[in-house]
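Below is one structure, written out as structure tokens; the observations come after it.
On a predicted model such as this, the values are computed, not experimentally measured, just so you know.
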Amino acid sequence: MMNFLEDKDISFPESEQKYLENILSKISYESDIFVMPFGDGKEVIGVMSGADEKSNELNEFFKYKTLYNSLIDLDIKIKFSLQQAIISSQQNKMLEAYYYIENGVFRIITAWDNLAQVYNIYSGLNKGIDEVYYACIFEQKKGLAITDTKFMKFRENVEEYIKEEDNIKMTSRNGYWRGNNKYIRELRNQMSHRNSIAKVSLSDYDMHIPDVPIFILKRLVEDYETLNYYYGQMLELIKDYFS
């Protein structure tokens with residue numbers, strides 16, 4: 001395959017770097033949301049399922065805790081990958097830039113799946129863990145145990161965002177490019193099932209001209225901030241439930 005970007009300047013304006021870094025700096029997650037104190041600074045770290053309603057609530061609480069702890073771990077790694085991709089692009093280190101971009105793509109998709117798992121528990125759909133796919137679970141209305149206005153509006157907004165067509169001539173929330181998530185899903189699918197996103201492919205197997213790192217990074221950073229926004233709304237719903 002040809003290396004389309006070999007010997008090309010892949011750096012981008014400082015204003016674009018600041019734009020991306022500013023968005024990343026606003027993404028945060030509280031570290032102590034799902035904490036159950038147990039005297040002398042200790043905390044309960046888990047429970048096993050029981051037959052009574054109280055035991056089921058505790059079990060649900062610790063499911064959320066497990067998923068949320070995983071999200072915080074993902075957040076650290078996603079930010080590191082995106083920040084390193086920005087730095088590598090500015091230094092014209094193409095191999096490193098795409099390495100960290102690809103890492104970011106897979107982890108951001110994983111973070112969306114994490115939100116879908118939380119949604120699956122909260123909504124009462126209770127699908128098996130291996131049956132939850134974020135790209136389609138939010139469109140399912142049948143079987144929802146919770147149908148209040150706040151929750152349904154949240155579900156509708158996430159579904160609408162995920163279904164957005166990829167169109168950079170139009171904007172979505174916060175003026176972000178429309179269809180960022182769909183673009184990222186296509187990247188993930190290409191890496192998983194076809195060929196490298198950094199290589200030119202002009203054949204019957206695949207037709208692909210690589211996007212430059214700054215283009216991909218803009219889509220990734222905007223999509224990850226959008227995930228952070230919706231995850232925050234999901235957490236508020238859960239807090240209301242346990243309050």
Side-chain angles (χ1 to χ4, degrees), residues 27-30 33-34 49 56-57 59-79 81-82 102-166 172-173 176 178-193 219-242:
I27 299 173
S28 63
Y29 295 95
E30 297 179 51
I33 293 179
F34 297 102
S49 298
N56 288 333
E57 284 186 4
N59 184 47
E60 195 170 278
F61 178 90
F62 283 101
K63 286 180 181 179
Y64 291 136
K65 179 180 177 68
T66 298
L67 287 164
Y68 190 68
N69 287 344
S70 295
L71 177 71
I72 291 176
D73 181 64
L74 277 169
D75 178 60
I76 294 170
K77 294 169 181 175
I78 289 170
K79 287 175 181 172
S81 294
L82 296 179
E102 290 171 6
N103 199 314
V105 168
F106 280 115
R107 293 189 188 279
I108 289 172
I109 292 292
T110 302
W112 276 103
D113 279 330
N114 183 292
L115 173 61
Q117 293 287 354
V118 173
Y119 173 86
N120 180 52
I121 298 168
Y122 181 85
S123 67
L125 287 173
N126 293 321
K127 291 176 174 288
I129 293 173
D130 295 334
E131 299 175 338
V132 175
Y133 303 99
Y134 89 88
C136 55
I137 193 171
F138 292 98
E139 68 185 22
Q140 183 174 336
K141 299 177 184 178
K142 185 178 180 180
L144 293 174
I146 299 176
T147 56
D148 64 84
T149 303
K150 186 176 180 180
F151 169 74
M152 294 302 287
K153 184 62 177 176
F154 164 79
R155 184 207 63 77
E156 180 183 322
N157 288 341
V158 178
E159 178 191 7
E160 184 178 295
Y161 173 71
I162 290 171
K163 285 184 173 181
E164 282 182 356
E165 291 299 321
D166 180 9
S172 185
R173 178 185 152 269
Y176 295 161
R178 191 169 182 83
N180 282 332
N181 189 262
K182 184 171 184 178
Y183 173 84
I184 293 169
R185 291 202 308 275
E186 287 297 319
L187 280 187
R188 191 277 309 273
N189 290 339
Q190 179 178 333
M191 288 188 287
S192 298
H193 307 297
R219 314 302 296 267
L220 288 173
V221 171
E222 291 181 351
D223 181 70
Y224 186 49
E225 192 280 332
T226 302
L227 168 66
N228 175 252
Y229 173 75
Y230 286 126
Y231 212 112
Q233 291 188 354
M234 185 78 257
L235 291 174
E236 287 301 318
L237 289 168
I238 294 171
K239 287 179 183 178
D240 292 344
Y241 174 79
F242 283 109

Residues Val118, Ile238; criterion side chain to side chain contact (heavy atoms under 4.5 Å, CB included); working and verdict: CA-CA 9 Å; Val118 173; Ile238 294 171; 3.5 Å; yes
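- Contact of the Ile162 side chain with the Tyr230 side chain is not registered, since no non-hydrogen atoms from C-beta on lie closer than 4.5 Å.
- Taking CG of Leu125 as the reference point, atom NZ of Lys141 lies at 13.0 Å (rounded to 0.5 Å).
- In this structure the side chain of Asn114 reaches within 4.5 angstrom of the side chain of Ser70, judged on heavy atoms.
- No side-chain donor-acceptor contact under 3.5 Å links Asp75 and Tyr231.
- Between Lys163 and Glu139 there is a side-chain heavy-atom pair separated by less than 4.5 Å.
- Considering CZ of Arg178 and OH of Tyr161, their distance stands at 10.5 Å, rounded to 0.5 Å.
- Note on residues 225-241: pairs passing salt bridge (Lys or Arg N to Asp or Glu O under 4.0 Å), not counting sequence neighbours, are Glu30-Lys239, Lys150-Asp240, Arg173-Glu225, Glu236-Lys239.
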Stepwise side chain to side chain contact (heavy atoms under 4.5 Å, CB included) check, Leu71 with Tyr68: CA-CA 5 Å; Leu71 177 71; Tyr68 190 68; 4.2 Å; yes
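- With contacts defined as side-chain heavy-atom distances shorter than 4.5 Å, the pair Thr66/Phe61 does not qualify.
- In this structure, a donor-acceptor pair under 3.5 Å is present between the side chains of Asn181 and Tyr134.
- In this structure, the separation between CD on Gln233 and CG on Leu237 is 7.5 Å, given to the nearest 0.5 Å.
- In this structure, the side chain of Glu131 engages the main chain of Gly128 through a donor-acceptor pair within 3.5 Å.
- Here the straight-line distance linking atom CG of Leu74 with atom OG1 of Thr110 works out to 6.0 Å at 0.5 Å rounding.
- Shortest non-hydrogen contact noted between Gly104 and Ser81 is N-CB, 4.0 Å.
- Between Phe154 and Tyr119, the ring planes lie tilted relative to each other; the angle falls in the 30° to 60° range.
- A cation-pi contact, defined as under 6.0 Å to the ring centre and within 45° of the axis, is absent between Arg155 and Phe138.
- Note that CD1 of Ile109 and CZ of Arg188 are 5.0 Å apart. Values are rounded to the nearest 0.5 Å.
- Contact detail for Gly179 and Glu164: the closest heavy-atom pair is N-OE1, 3.0 Å.
- The nearest pair of heavy atoms linking Leu227 to Ile108 is CD2-O, 4.5 Å.
- The minimum heavy-atom distance between Asp166 and Lys182, with the atom names listed, is N-CD, 4.2 Å.
- Counting heavy atoms from C-beta on, the side chains of Val132 and Asp113 never come closer than 4.5 Å.
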Worked verdict on Trp112 versus Asp223 for side chain to side chain contact (heavy atoms under 4.5 Å, CB included): CA-CA 10 Å; Trp112 276 103; Asp223 181 70; 2.9 Å; yes
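- Taking each heavy atom of Ile137 and Lys127 in turn, the nearest pair found is CD1-CD, 4.2 Å.
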Audit row: Phe151, Tyr241, ring pair (Phe, Tyr, Trp, His ring centres under 6.0 Å) steps and yes/no: CA-CA 11 Å; Phe151 169 74; Tyr241 174 79; over 10 Å; no
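- Annotation: the span from Ile33 atom CD1 to Lys65 atom NZ amounts to 10.5 Å, rounded to 0.5 Å.
- Shortest non-hydrogen contact noted between Asn120 and Ser123 is O-OG, 3.4 Å.
- The aromatic rings of Tyr224 and Tyr29 lie tilted to each other, with the angle between the two planes from 30° to 60°.
- You'll find the side chain of Val221 reaches within 4.5 Å of the side chain of Leu82, heavy atoms only.
- For Lys77, the side-chain contact (heavy atoms from CB on, under 4.5 Å) criterion is met by Asp73, Arg107, not counting sequence neighbours.
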